[in-house]
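Below: the structure, in structure tokens.
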Amino acid sequence: MAGSLPNILKRFAARSLSKPQLGGSLYNYGLRFSTMAPNDPDTHDDFKPTNKLENSSTSLKDVVEQDVKDNPIMIYMKGVPEFPQCGFSSLAVKVLQQYDVPFSARNILEDAELKSAVKGFSNWPTFPQIFIKGEFVGGSDIILNMHQNGELKDLLKDVTSKK
Ligand SMILES: N[C@@H](CCC(=O)N[C@@H](CS)C(=O)NCC(=O)O)C(=O)O
Ligand code: FES
């Protein structure tokens with residue numbers, strides 16, 4: 001355990017030189033704010049991208065575990081909700097936006113190691129990946145299907161709007 005710490009720190013230090021953020025930014029979206037620009041200086045503090053991971057020695061698997069625990073709806077996607085970079089991710093975001101619920105997102109295209117950590121965590125090979133109330137739900141086809149058959153509405157019943 002103690003022996004592996006320097007390697008983790010080395011990896012993180014290297015990354016902070018080449019990239020300002022670790023594990024990709026975490027974006028939080030409330031439905032009413034879903035069209036905001038993530039780096040808009042006028043955006044309310046509550047909705048600015050957060051990065052609790054900077055200067056931490058947390059492994060990326062821990063990051064994913066924490067994300068999924070802290071955020072009732074967590075999506076790992078290609079691109080960001082305002083600008084998905086793949087049709088599958090775009091579809092998943094559109095489905096989630098049908099509900100008045102806050103969701104959080106990370107762009108796996110920002111970080112290849114995060115991408116691989118997410119795949120390892122869920123044991124699922126593709127993106128997007130959606131977690132609801134701590135459980136892995138699936139990708140865009142599954143979330144669309146759950147939307148169409150009413151399962152998603154039931155599942156999100158107790159996930160309340162932020163504001
Ligand atoms: N059935 C899946 C299909 C998603 C999919 O095929 N994603 C591909 C292309 S974006 C993917 O993530 N491939 C693995 C990768 O890019 O690492 C869904 O609806 O979410
Ligand atoms: S990036 Fe090509 S299908 Fe998703």
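Ligands are counted one by one from 1 in listed order, and the atoms in each one are counted from 1 as well. In what follows, residues are counted from 1 in the order of the sequence shown. Hydrogens, waters and symmetry mates are skipped; everything else that's a heavy atom, side chains included, is used.
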| Quick one: does N71's side chain have a donor or acceptor within less than 3.5 Å of a partner on D67's backbone? | yes
| request: Could you tell me whether a side-chain N or O of S90 sits under 3.5 Å from a main-chain N or O of C86, the two making a donor and an acceptor? | output: no
Which protein heavy atom lies closest to [atom], and at what distance to 0.1 Å?
{"atom": "atom 6 (O) of ligand 1", "value": "F88 CE1, 3.6 Å"}
{"atom": "atom 15 (C) of ligand 1", "value": "K115 NZ, 3.5 Å"}
{"atom": "atom 9 (C) of ligand 1", "value": "K78 NZ, 3.9 Å"}
{"atom": "atom 19 (O) of ligand 1", "value": "S140 OG, 2.6 Å"}
{"atom": "atom 4 (C) of ligand 1", "value": "F127 O, 3.5 Å"}

Ligand-residue contact atoms, ligand 1 with [X], heavy atoms, under 4.0 Å:
{"X": "K119", "answer": "14 (C), 15 (C), 17 (O)"}
{"X": "P125", "answer": "14 (C)"}
{"X": "C86", "answer": "10 (S)"}
{"X": "P128", "answer": "20 (O)"}
{"X": "G139", "answer": "20 (O)"}

| note | To atom 8 (C) of ligand 1, the nearest of I143, T126, N145 on a heavy-atom basis is T126
| message | Measuring from atom 1 (N) of ligand 1, which candidate in L109, D141, I108 has the nearest non-hydrogen atom? | response | D141
| query | Does F127 approach ligand 2 within less than 4.0 angstrom via side chain, backbone, both or neither, non-hydrogen atoms only? | reply | neither
| request: In plain terms, say whether E65 and K61 are close enough for a salt bridge, that is, a side-chain N and a carboxylate O under 4.0 Å apart. | output: yes
| query | Would you call D111-R106 a salt bridge at under 4.0 Å N-O? | reply | no
| field | C86 neighbourhood, listing ligand 2 atoms whose heavy-atom distance to it stays under 4.0 Å | value | 1 (S), 3 (S), 4 (Fe)
| Does I142 belong to the same Ile/Leu/Val/Met/Phe/Trp/Tyr cluster as L155, with side-chain heavy atoms less than 4.5 Å apart forming each link? | yes
| request: Just say parallel, tilted or perpendicular for the rings of F131 and F121, cut-offs at 30° and 60°. | output: tilted
| task | Kindly check if the number of other-residue, nucleotide or ligand heavy atoms within 6.0 Å of CG (N123) is above 12? | result | no
| task | Verify side-chain contact (heavy atoms from CB on, under 4.5 Å) between N145 and L152, making sure each step is shown before the conclusion. | result | CA-CA 9 Å; N145 192 258; L152 189 56; over 6 Å; no
| field | Q129 touching ligand 1 at heavy-atom level, < 4.0 angstrom | value | no
| note | Tightest non-hydrogen contact, residues H147 and Y99, listed as ND1-OH, 2.6 Å
| field | Chi angles and distances behind the side-chain contact (heavy atoms from CB on, under 4.5 Å) call for M77, Q85 | value | CA-CA 8 Å; M77 60 180 288; Q85 291 184 46; over 6 Å; no
